[in-house]
Enquirer: 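Before I ask anything, here is the structure I am working with.
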Amino acid sequence: MDFLEFLKNYQAFNEEEEAERKEIVQFVQAFGDKSYDRDNLVGHFSSSAWIVNKDRSKVLMIYHNMYKTWAWVGGHADGDKDLLHVALKETQEETGLTNVKPVFDTPIDLNMMVVHNHYKRGAFVPRHLHPNAVYLLEADENEPIRIKEDENSAVGWLAFDEVKDYVTNEYTIVYYQRIMEKIRKYKW
């Protein structure tokens, strides 16, 4: 699949997602293959996983050590243009889940996140953008999970109604609420 074509044809859920979709299209048009490379200091693709249980009442989240909040699973594309592959890889690495299946092979949400200046493994990382594709994945909530100590300090299933009580990042909670609203509306 040509991801730029997908982005151009993606039907956004609301005005905010549409604005971010347009921003991501412009980003890819400006940077091409460098959009997927962490060496692009302006920004680079990341991919996130919204991991739900079978009845779509819970989401598997991690307590992110760097951001000090509960968050979805995800990570940098690092040159991989198959963003579903990235979401699946990050899911296994960050949670230990091995039996995860995509509900769709295309993203269910698009967003443009701002990553603020920070230090990672002792190195300064300047502020940059993360054009981000979110994939809906399904897993068995009874499958064993584990933390990835260098990235998270907890992994757990949260009821959709509880997410707002655990997430302290005011920017990402907007994305989480939108995704949960989509799941409820479209009965995915």
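The first residue in the sequence is number 1, and the count goes up from there.
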Enquirer: Do T95 and E90 meet the criterion of a side-chain donor-acceptor pair at a distance under 3.5 Å?
Expert: no
Enquirer: Check for a donor-acceptor pair, side chain of Y135 on one end and backbone N or O of T106 on the other, with a separation under 3.5 Å.
Expert: no
Enquirer: Hey, could you give me each pair passing salt bridge (Lys or Arg N to Asp or Glu O under 4.0 Å) that has a residue in residues 159-174? Not counting sequence neighbours.
Expert: D161-R184
Enquirer: Looking at S46 and H76, would you say the former's side chain and the latter's main chain have a donor-acceptor pair under 3.5 Å?
Expert: no
Enquirer: From L83 CG over to S48 OG, what is the distance, rounded to the nearest 0.5 angstrom?
Expert: 10.0 Å
Enquirer: Does OH belonging to Y63 count more than 12 external heavy atoms closer than 6.0 Å?
Expert: yes
Enquirer: Linking I/L/V/M/F/W/Y whenever any side-chain heavy atoms sit under 4.5 Å apart, do V134 and I62 land together?
Expert: no
Enquirer: If you take all heavy atoms of E143 and T98, which pair is closest and at what distance?
Expert: OE2-N, 2.8 Å
Enquirer: Sequence neighbours excluded and cut-off under 3.5 Å, please list the side-chain donor-acceptor pairs for residues 17-31, or say none.
Expert:
unit_1 : atom_1 : unit_2 : atom_2 : d
E17    : OE1    : F13    : N      : 2.8
E17    : OE1    : K182   : NZ     : 3.0
E17    : OE2    : Y10    : OH     : 2.6
E17    : OE2    : L110   : N      : 3.0
E17    : OE2    : K182   : NZ     : 3.0
E18    : OE1    : R21    : NE     : 2.9
E18    : OE2    : R21    : NE     : 3.4
E18    : OE2    : R21    : NH2    : 2.7
E20    : OE2    : M112   : N      : 3.0
E20    : OE2    : Y175   : OH     : 2.7
R21    : NH1    : L7     : O      : 3.0

Enquirer: Should N169 and K68 count as side-chain neighbours, where that means a heavy-atom distance under 4.5 Å?
Expert: no
Enquirer: Where do R178 and E181 land on the salt bridge (Lys or Arg N to Asp or Glu O under 4.0 Å) test, with the steps shown first?
Expert: CA-CA 5 Å; R178 182 170 71 209; E181 188 178 341; over 6 Å; no
Enquirer: Is there a side-chain contact between E138 and I51, using heavy atoms and a 4.5 Å cut-off?
Expert: no
Enquirer: Testing the basics here: between T91 and A87, what is the closest heavy-atom pair and its distance to 0.1 Å?
Expert: OG1-O, 2.8 Å
Enquirer: In chain order, what residues pass the salt bridge (Lys or Arg N to Asp or Glu O under 4.0 Å) check against D37, with sequence neighbours excluded?
Expert: K34
Enquirer: Check the surroundings of atom CZ in F124: do more than 12 heavy atoms from other residues, nucleotides or ligands lie under 6.0 Å from it?
Expert: yes
Enquirer: Determine, using the 4.5 Å side-chain heavy-atom cutoff (strictly less than), whether M113 and V125 are members of one ILVMFWY cluster.
Expert: no
Enquirer: Closer than 3.5 angstrom, by distance alone: can the side chain of D109 be matched with the main-chain N or O of I179 as a donor-acceptor pair?
Expert: no
Enquirer: Just so I know, are the side chains of Q92 and L88 near enough to count as touching, which here means a heavy-atom distance under 4.5 Å?
Expert: no
Enquirer: Between the side chains of N111 and N132, is a donor N or O closer than 3.5 angstrom to an acceptor N or O?
Expert: yes
Enquirer: Under a 4.0 Å threshold between the charged nitrogen and the carboxylate oxygen, would D80 count as salt-bridged to K89?
Expert: no
Enquirer: Do V115 and Y67 have side chains that approach each other closer than 4.5 Å (heavy atoms only, starting at C-beta)?
Expert: yes
Enquirer: For the residue pair F104 and W188, categorise the inter-ring angle as parallel (less than 30°), tilted (30 to 60°) or perpendicular (more than 60°).
Expert: perpendicular
Enquirer: So does P126 get a backbone contact from the side chain of H128, meaning a donor-acceptor N/O pair under 3.5 Å?
Expert: yes
Enquirer: Can D78 and R38 be said to form a side-chain contact (heavy atoms from CB on, under 4.5 Å), step by step?
Expert: CA-CA 6 Å; D78 286 332; R38 205 184 302 213; 2.7 Å; yes
Enquirer: Counting C-beta onward and ignoring hydrogens, is there a side-chain heavy-atom pair between E141 and K54 closer than 4.5 Å?
Expert: no
Enquirer: Going from CG on N9 to CG on L4, what distance comes out if it is rounded to the nearest 0.5 angstrom?
Expert: 9.5 Å
Enquirer: What is the minimum heavy-atom distance between P144 and L97, and which atoms define it?
Expert: O-CD2, 4.0 Å
Enquirer: For I145 and V155, work out which heavy atoms get closest and say how close.
Expert: CD1-O, 3.6 Å
Enquirer: Within a reach of under 6.0 Å around CZ of R146, are more than 12 heavy atoms found that belong to other residues, nucleotides or ligands?
Expert: yes
Enquirer: Return the minimal non-hydrogen interatomic distance between I183 and F160, and the atom names on each side.
Expert: CD1-CZ, 4.0 Å
Enquirer: Do L137 and V52 have side-chain heavy atoms sitting under 4.5 Å apart?
Expert: no
Enquirer: Inspect the surroundings of OH in Y171 and state if more than 12 heavy atoms from other residues, nucleotides or ligands are less than 6.0 Å away.
Expert: no
Enquirer: Parallel under 30°, tilted from 30 to 60°, perpendicular over 60°: which one fits the rings of Y36 and F45?
Expert: parallel
Enquirer: Let's go through H44 and D39 carefully: what are the C-alpha distance in whole Å and the side-chain angles of both, what is the deciding distance for side-chain contact (heavy atoms from CB on, under 4.5 Å) to 0.1 Å, and is it a yes or a no?
Expert: CA-CA 8 Å; H44 37 267; D39 290 338; over 6 Å; no
Enquirer: What pair of heavy atoms forms the shortest contact from P107 to A133, and how long is it?
Expert: CG-CB, 3.8 Å
Enquirer: Is V174 reachable from L129 through a run of hydrophobic residues whose side-chain heavy atoms are each under 4.5 Å from the next?
Expert: no
Enquirer: With a 4.5 Å heavy-atom cut-off, do L158 and K58 have their side chains touching?
Expert: no
Enquirer: How long is the straight-line distance from CD1 of I147 back to CD of E94, given to the nearest 0.5 Å?
Expert: 12.0 Å
Enquirer: Please report whether the ring centroid of W72 lies less than 6.0 Å from that of Y176.
Expert: yes
Enquirer: Roughly how far, to the nearest 0.5 Å, is the CG atom of L136 from the CD1 atom of I108?
Expert: 4.5 Å
Enquirer: Roughly how far, to the nearest 0.5 Å, is the CG atom of L41 from the CZ atom of R127?
Expert: 13.0 Å
Enquirer: Please work out whether the ring planes of F6 and F3 are parallel, tilted or perpendicular, with thresholds of 30° and 60°.
Expert: parallel
Enquirer: Could you tell me whether the side chain of N53 and the main chain of S57 form a donor-acceptor pair under 3.5 Å?
Expert: yes
Enquirer: Hey, are H118 and H116 close enough side-chain-wise for a donor-acceptor pair under 3.5 Å?
Expert: no
Enquirer: Taking the side chain as C-beta and beyond, is there a heavy-atom pair between V114 and H130 under 4.5 Å?
Expert: no
